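Heads up, the thing below is written out as structure tokens.
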Amino acid sequence: MTETAKTHVILLACGSFNPITKGHIQMFERARDYLHKSGRFIVIGGIISPVHDSYGKQGLVSSRHRLNMCQLAVQNSDWIRVDPWECYQDTWQTTCSVLEHHRDLMKRVTGCILSNVNTPSVTPVISQSLNQSTQPVYQNSNLTNKPTAVRILGKVGEGLSRICCVRPNLQRVTFVDENANLGTVMRYEEIELRILLLCGSDLLESFCIPGLWNESDMEVIVGDFGIVVVPRDGTDTEQIMNHSSLLRKYKNNILVVKDDSNHPMSIVSSTKSRLALQHGDGHVVDYLSQPVIDYVLKSQLYINTSG
């Protein structure tokens with residue numbers, strides 16, 4: 001499979017990140033490695049979206065602190081970034097609405113037509129307005145004003161870098177013979193771009209709890225976007241999916257990370273990291289990076305809270 005034929009992916013993780021742990025970052029790394037090794041995907045960015053303060057979870061510190069800790073956790077990453085949009089809204093946002101926000105943002109910034117799992121794109125036109133204006137981007141009769149590859153593809157790359165940190169290699173996008181378009185729109189080879197929800201198997205299990213999720217939201221999350229699951233230790237994801245008719249229906253949209261990683265998923269637990277902080281347990285270094293520990297101690301977070 002050629003580079004341009006592979007699906008370009010942005011991994012999006014929603015959660016409390018209270019605080020963000022080493023395990024959260026490792027989930028991104030493991031998911032990216034697994035998707036790359038599959039030969040079907042190129043991961044061009046990762047987004048961490050902390051939940052709004054009004055989520056109401058006991059012991060949830062303010063979004064200001066959680067955003068700062070997330071920034072510290074990814075400060076050395078060249079592909080994962082923290083997005084504050086969810087925290088800056090007037091109230092709590094559903095996971096579905098966060099995914100839709102980032103999909104719509106990608107459309108506006110890059111001009112690309114993003115594909116869903118069930119409705120793959122049909123040759124997205126990077127240089128064409130999504131409004132489908134009858135006025136072409138350029139016509140062969142007006143060659144002096146013809147946009148160059150650097151102008152158009154550079155703009156796309158800059159747009160993606162603002163969102164994903166990583167500027168895609170522009171050589172992956174190649175021209176279709178511009179003289180063959182007969183004065184219509186200059187078209188480019190397809191880049192299929194998808195936003196996938198990154199989660200642990202605990203979120204997958206929550207889909208099976210009656211009444212916990214809005215059915216239409218689940219349909220959009222799993223059916224339209226798709227999810228990448230990094231299982232917790234000893235979790236049988238097949239059994240989880242068999243308990244839900246919706247998960248069975250969209251089984252092909254659920255990518256379960258299978259690797260030989262020796263990193264126990266227990267270190268993802270924010271609850272265990274908070275308990276370690278409260279008890280002065282030196283094992284907190286197993287859960288949190290040093291910059292996050294320093295910030296927690298300086299800000300006196302989690303010291304006098306329970307759970």
Side-chain angles (χ1 to χ4, degrees), residues 1-14 24-49 74 76-83 98-128 149-150 152-176 187-199 221-222 224-230 250 252-261:
M1 183 179 288
T2 64
E3 292 292 286
T4 51
K6 294 180 182 179
T7 299
H8 291 61
V9 167
I10 295 169
L11 296 171
L12 170 66
C14 300
H24 289 127
I25 305 303
Q26 288 170 2
M27 284 178 65
F28 275 94
E29 299 289 352
R30 288 177 61 185
R32 182 177 69 161
D33 289 346
Y34 178 77
L35 293 178
H36 284 178
K37 287 177 182 177
S38 75
R40 298 165 49 203
F41 304 97
I42 298 173
V43 178
I44 63 172
I47 300 174
I48 294 172
S49 182
V74 301
N76 295 322
S77 175
D78 63 356
W79 70 282
I80 307 171
R81 77 171 185 86
V82 182
D83 187 272
V98 176
L99 283 163
E100 290 174 334
H101 159 75
H102 285 284
R103 178 195 61 197
D104 295 343
L105 181 62
M106 289 297 295
K107 287 180 181 179
R108 293 197 304 272
V109 172
T110 68
C112 291
I113 302 171
L114 273 69
S115 62
N116 290 336
V117 175
N118 293 330
T119 55
S121 55
V122 181
T123 312
V125 184
I126 294 176
S127 61
Q128 185 176 6
V150 172
I152 293 179
L153 300 184
K155 181 179 180 182
V156 172
E158 288 167 7
L160 286 172
S161 68
R162 285 200 297 272
I163 293 177
C164 318
C165 295
V166 179
R167 180 192 295 265
N169 183 348
L170 298 183
Q171 291 179 349
R172 292 175 184 158
V173 187
T174 57
F175 287 108
V176 174
R187 303 175 73 89
Y188 295 87
E189 187 171 330
E190 172 183 355
I191 290 182
E192 187 180 353
L193 182 60
R194 278 171 51 192
I195 298 175
L196 298 177
L197 179 66
L198 175 65
C199 65
I221 292 169
V222 188
D224 287 352
F225 286 93
I227 59 179
V228 180
V229 182
V230 181
Y250 294 114
N252 291 337
N253 301 349
I254 302 171
L255 304 170
V256 180
V257 173
K258 299 174 183 177
D259 58 20
D260 298 323
S261 172

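Since this is a predicted model, take the numbers as computed values, not measurements. Just so you know, residue 1 is the first one in the sequence shown, and it goes up from there.
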Sequence neighbours excluded and cut-off under 3.5 Å, please list the side-chain donor-acceptor pairs for residues 34-48, or say none.
unit_1: Tyr34; atom_1: OH; unit_2: Val256; atom_2: O; d: 3.4
unit_1: His36; atom_1: NE2; unit_2: Val43; atom_2: N; d: 2.9
unit_1: Ser38; atom_1: OG; unit_2: Leu35; atom_2: O; d: 2.6
unit_1: Ser38; atom_1: OG; unit_2: Arg40; atom_2: N; d: 3.3

To check you understand the geometry: which heavy-atom pair defines the closest contact between [X] and [Y], and what is its length?
X	Y	result
Leu193	Val9	CD1-N, 4.4 Å
Leu12	Ser49	CD1-CB, 4.1 Å
Ala31	Val257	CA-CG2, 3.9 Å

Measuring from [X]:[atom1] to [Y]:[atom2], what's the distance to the nearest 0.5 Å?
X	Y	atom1	atom2	result
Asp224	Tyr250	CG	OH	7.0 Å
Asp104	His102	CG	NE2	10.5 Å
Leu99	Leu196	CG	CG	9.0 Å
His24	Leu198	NE2	CG	9.5 Å
Arg194	Leu11	CZ	CG	10.5 Å
Ile221	Leu197	CD1	CG	6.5 Å

Evaluation steps, side chain to side chain contact (heavy atoms under 4.5 Å, CB included), between Arg103 and Glu100: CA-CA 5 Å; Arg103 178 195 61 197; Glu100 290 174 334; 3.7 Å; yes
By side chain to side chain donor-acceptor pair (under 3.5 Å) - contacts of Glu29 (at least two apart):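 Once residues adjacent in sequence are excluded, the partners of Glu29 under the side chain to side chain donor-acceptor pair (under 3.5 Å) criterion are Arg32, Trp79.
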Under 3.5 Å: donor-acceptor pair, side chain of Asn253, backbone of Val222: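 At least one qualifying donor-acceptor pair exists.
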